[in-house]
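Values reported hereafter were calculated over all heavy atoms of this structure, with side chains retained and with hydrogens, waters and symmetry mates removed.
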Amino acid sequence: DTGVSQDPRHKITKRGQNVTFRCDPISEHNRLYWYRQTLGQGPEFLTYFQNEAQLEKSRLLSDRFSAERPKGSFSTLEIQRTEQGDSAMYLCASSRASNTGELFFGEGSRLTVL
Amino acid sequence: QKEVEQNSGPLSVPEGAIASLNCTYSDRGSQSFFWYRQYSGKSPELIMSIYSNGDKEDGRFTAQLNKASQYVSLLIRDSQPSDSATYLCAVKSGGSYIPTFGRGTSLIVHP
């Protein structure tokens, strides 16, 4: 399978704990995106990488959220001091170098904060 | 703020009918338009992209774009129960790398 893979698929944590999600994009894609989706809403942009450079972050991304993409390959999204409002599906997507905007999504990481 | 508007539905159509899904957007600089399908509990999957005014057909799907009216639509001909899903409209401006998504329209195709 050469699609976008995300890990873990499900995470249940207690409020105040830290969580980290990993995304492995399609190998030839140099653009990587993180989105968040809650029930009944569309994906909401969080952050974007081109190779290892984080080029854009949403104003909605509080300082409790941090993302990295070392060496321009996989990416991690860490949420510190989780809050119940962080409960959502965290979607990773990748795209080709040509800026068509066509995204290929992973299966997502569902976070539940108790 | 760039906005993408969709009626959340649900839109219910009988099997074999044409389903028409609509999307409007606020940013006149938008240049790329996408339709994604999302089954319940799954992630979005790209089904159509359109970049110029007019119609683009792919099998049973037709995307229609009218930039003057800031309107994009998706027609699904001969709808099947397997088409039942949420359809997300996404829009990207020329100077951005970030597609903005609407909230999606739920489509139900009943036998």
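For residues 50-73 of chain B, the interface with chain A (any heavy-atom pair closer than 4.5 Å) comprises B/Y51, sorted by residue number.
No side-chain heavy atom of B/T100 sits under 4.5 Å from any side-chain heavy atom of B/Y25. With a 4.5 Å cut-off on side-chain heavy atoms, B/Y87 and B/I76 count as touching. Within the 4.5 Å cutoff, no side-chain heavy atoms of A/D86 are placed close to those of A/V19.
Heavy atoms of B/Q38 lying under 4.5 Å from chain A belong exclusively to its side chain. Within the 4.5 angstrom heavy-atom criterion, no atom of A/E44 approaches chain B.
Residues passing the side-chain contact (heavy atoms from CB on, under 4.5 Å) test with B/L46 are A/E102, B/F34, B/Y36, sequence neighbours excluded. Partners of A/T38 according to the side-chain contact (heavy atoms from CB on, under 4.5 Å) rule, which considers only residues two or more places apart in sequence or in another chain, are A/Q41, A/A88. A/R22 meets the side chain to side chain donor-acceptor pair (under 3.5 Å) test with A/D24; sequence neighbours excluded.
Ring planes of A/F45 and A/Y35: perpendicular class, angle over 60° (limits at 30 and 60°).
Note on A/A93, A/S95, A/G106, A/P43: by heavy-atom pairs under 4.5 Å with chain B, the leading option is A/P43.
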